[in-house]
Amino acid sequence: KPRALNVVNISGANERNVHLECNIVLLGCRGAGKSALTVKFLTRRFISEYDPFLEDTYTSEEVVDQQTVLVRVMDTADQNGPVNPERYLHWANAFLVVYSIDNKKSFEGCCHYLDIISQYNRGALHENPVLLLGNKLDMERYRQVSKADGSALASRHGCLFREVSACLDFRLVQQVFHEAIQEVRKE
Ligand code: GDP
Ligand code: MG
């Protein structure tokens with residue numbers, strides 16, 4: 001298992017030029033908004049129609065607390081719950097488990113992912129941080145999952161909890177990804 005953060009000296013000369021790497025995977029039911037959040041984070045734009053079958057990994061250089069971090073984001077596309085979790089369990093340094101606050105089923109679907117991660121973390125050298133994300137905060141009027149329910153599920157699994165929206169303020173989405181990186185760095 002790789003270290004939580006791989007420290008690579010990019011210039012080979014300047015000590016201050018250390019380069020950190022962080023792999024983040026987004027998990028959750030189809031339609032929760034994983035791709036929309038990924039695209040928002042990477043481009044600051046909201047793309048409303050995104051191929052629901054497309055699974056890909058993207059790279060971005062982020063500055064977090066004055067340090068440059070090479071961030072890889074795996075946007076998964078499970079169609080009916082977790083399939084073949086090995087592809088990200090060993091790879092990821094942090095997990096973002098996403099549901100949609102206007103869809104109770106998507107919330108229930110998170111439990112499978114949280115269970116798999118908890119089980120994996122128990123046997124691992126490092127506990128990889130997990131963030132439970134209630135997405136589509138702009139759909140408040142159609143809310144089916146209360147903030148208290150989200151928060152309770154997160155604390156049962158010892159993870160952080162945030163509510164966001166892929167179509168509102170970019171900074172809030174960026175903050176969530178940066179928080180994941182900061183959590184990894186804490187280890
Ligand atoms: P994924 O299957 O988890 O990757 O979900 P997508 O990112 O493809 O999003 C599924 C649908 O939800 C799309 O129609 C998106 O436009 C919509 N969507 C995603 N995020 C938000 C959001 O924050 N607010 C609203 N209102 N719609 C969203
Ligand atoms: Mg998708």
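Counting starts at 1 for both ligands and their atoms, following the listed order.
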Just which atoms of ligand 1 are under 4.0 Å from any heavy atom in [X]?
X      : answer
Ala166 : 20 (N), 22 (C), 23 (O)
Ser165 : 23 (O)
Met139 : 26 (N)

Which protein non-hydrogen atom lies closest to [atom], naming both residue and atom, and how far is it?
atom                    : value
atom 5 (O) of ligand 1  : Gly33 N, 3.1 Å
atom 24 (N) of ligand 1 : Asp138 OD1, 2.8 Å
atom 14 (O) of ligand 1 : Ser48 O, 3.2 Å

In terms of side-chain geometry, is the basic nitrogen of Arg143 or Asp149 positioned less than 4.0 Å from the acidic oxygen of its partner? no
Salt-bridge criterion met for Glu183 and Lys186 (N-O under 4.0 Å): yes
Can you tell me if an N/O/S atom from Thr76 lies under 2.8 Å from the Mg ion (ligand 2)? no
Within the structure provided, determine whether [X] and [Y] are in side-chain contact (heavy-atom separation under 4.5 Å).
X      : Y      : answer
Asp56  : Asp75  : no
Asp65  : Gln67  : no
Val130 : Asn121 : yes
Val164 : Leu137 : no
Phe53  : Arg30  : yes
His178 : Phe41  : yes

Checking the side chain of Glu49 only, and the main-chain atoms of Ile47 only, is there a donor and an acceptor separated by less than 3.5 Å? no
Given Lys40, Arg30, Glu49, Lys136, which has its nearest heavy atom closest to atom 11 (C) of ligand 1? Lys136
Within the structure, does [X] bring an N/O atom to less than 3.5 angstrom of an N/O atom in ligand 1?
X     : value
Ile47 : no
Phe46 : no
Ala36 : yes
Asp75 : no

Backbone, side chain, both or neither: what part of [X] comes under 4.0 angstrom of ligand 1, heavy atoms only?
X      : result
Pro52  : neither
Cys29  : backbone
Asn135 : side chain

Please check if atom CG in Asn84 has more than 12 non-hydrogen atoms from other residues, nucleotides or ligands closer than 6.0 Å. yes
Residue Phe170 excluded, over 12 heavy atoms near CZ under 6.0 Å: yes
Heavy-atom contact under 4.0 Å between Ala32 and ligand 1? yes
Does ligand 1 have any atom sitting under 4.0 Å from a heavy atom of Gly31? yes
